[in-house]
Engineer: 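Sharing a structure with you now.
Each residue takes its place number in the sequence, starting with 1.
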Amino acid sequence: MWFFSLAFFAVIFMEMLSDFLLVTDRCTAWKALNGNVSEAEFHNLQQIVLCKNQKVSIEKKLASTILLVLMICATAAFVWFTFLA
């Protein structure tokens, strides 16, 4: 059972990490995780994550803080449900 919990946690955590790298302009690290894309494609994905094409966009500091809190919560939930419950 813990194997499925670990796999689910890894998938969710890597998606949040990928978004965090997009938000904080860490292009090289993002490309290492997701494959080589052009700068234009990276910038386009960054605009999508920050909702720049919408009427109200999200600030980079707010988005990165939210993603950090979500990653900490996901890690705490994984530890709780896998080892403590």
Engineer: Could you tell me the separation between the OG1 atom of Thr24 and the CG atom of Leu68, rounded to the nearest 0.5 Å?
Structural biologist: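 It is 8.5 Å, given to the nearest 0.5 Å.
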Engineer: What residues form a side chain to side chain contact (heavy atoms under 4.5 Å, CB included) with Ala32, not counting sequence neighbours?
Structural biologist: none
Engineer: Kindly write out the residues that satisfy ring pair (Phe, Tyr, Trp, His ring centres under 6.0 Å) with Phe13, not counting sequence neighbours, or none if the list is empty.
Structural biologist: Phe9
Engineer: Looking at Leu67, Val49, Leu17, which hits side-chain contact (heavy atoms from CB on, under 4.5 Å) with Leu22?
Structural biologist: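 The side-chain contact (heavy atoms from CB on, under 4.5 Å) with Leu22 is passed solely by Val49 among Leu67, Val49, Leu17.
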Engineer: Taking all non-hydrogen atoms of both residues into account, name the closest pair between Leu33 and Met14 and its distance.
Structural biologist: CD2-CE, 3.5 Å
Engineer: Would you compute the distance between atom OG1 of Thr75 and atom CD1 of Ile12 and round it to the nearest 0.5 angstrom?
Structural biologist: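 Interatomic distance, Thr75 OG1 to Ile12 CD1, rounded to 0.5 Å: 12.0 Å.
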Engineer: Not counting sequence neighbours, list each pair that qualifies as a ring pair (Phe, Tyr, Trp, His ring centres under 6.0 Å) and has a residue in residues 48-75.
Structural biologist: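 Sorted pair list comes back empty.
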Engineer: Among pairs that include at least one residue of residues 4-22, which meet salt bridge (Lys or Arg N to Asp or Glu O under 4.0 Å), considering only residues two or more places apart or in two chains?
Structural biologist: none
Engineer: Rounded to the nearest 0.5 Å, how far does CG of Asn44 lie from CD1 of Ile48?
Structural biologist: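 It comes to 4.5 Å.
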Engineer: Which pairs with one or both residues in residues 28-54 pass salt bridge (Lys or Arg N to Asp or Glu O under 4.0 Å), sequence neighbours excluded?
Structural biologist: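 Found Lys31-Glu39.
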Engineer: Taking only residues two or more places apart in sequence, or in another chain, which ones meet Lys60 in a side chain to side chain donor-acceptor pair (under 3.5 Å)?
Structural biologist: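 Partners of Lys60 by the side chain to side chain donor-acceptor pair (under 3.5 Å) criterion, ordered by chain and then number, come out as Asp25.
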Engineer: Show me the pairs that pass ring pair (Phe, Tyr, Trp, His ring centres under 6.0 Å) and involve residues 35-54, at least two apart or across chains.
Structural biologist: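 Every pair satisfying ring pair (Phe, Tyr, Trp, His ring centres under 6.0 Å) with a residue in residues 35-54: Trp30-Phe42.
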Engineer: I need the Met16 CE to Ser18 OG distance, nearest 0.5 Å.
Structural biologist: 11.5 Å
Engineer: Between atom CD1 of Ile66 and atom CD1 of Ile58, what is the distance when rounded to the nearest 0.5 Å?
Structural biologist: 6.5 Å
Engineer: Can you tell me if Thr65 uses its side chain to pair, donor with acceptor, with the backbone of Lys61 under 3.5 Å?
Structural biologist: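 Yes, the answer is positive, given that a donor and an acceptor are paired below the 3.5 Å cut-off.
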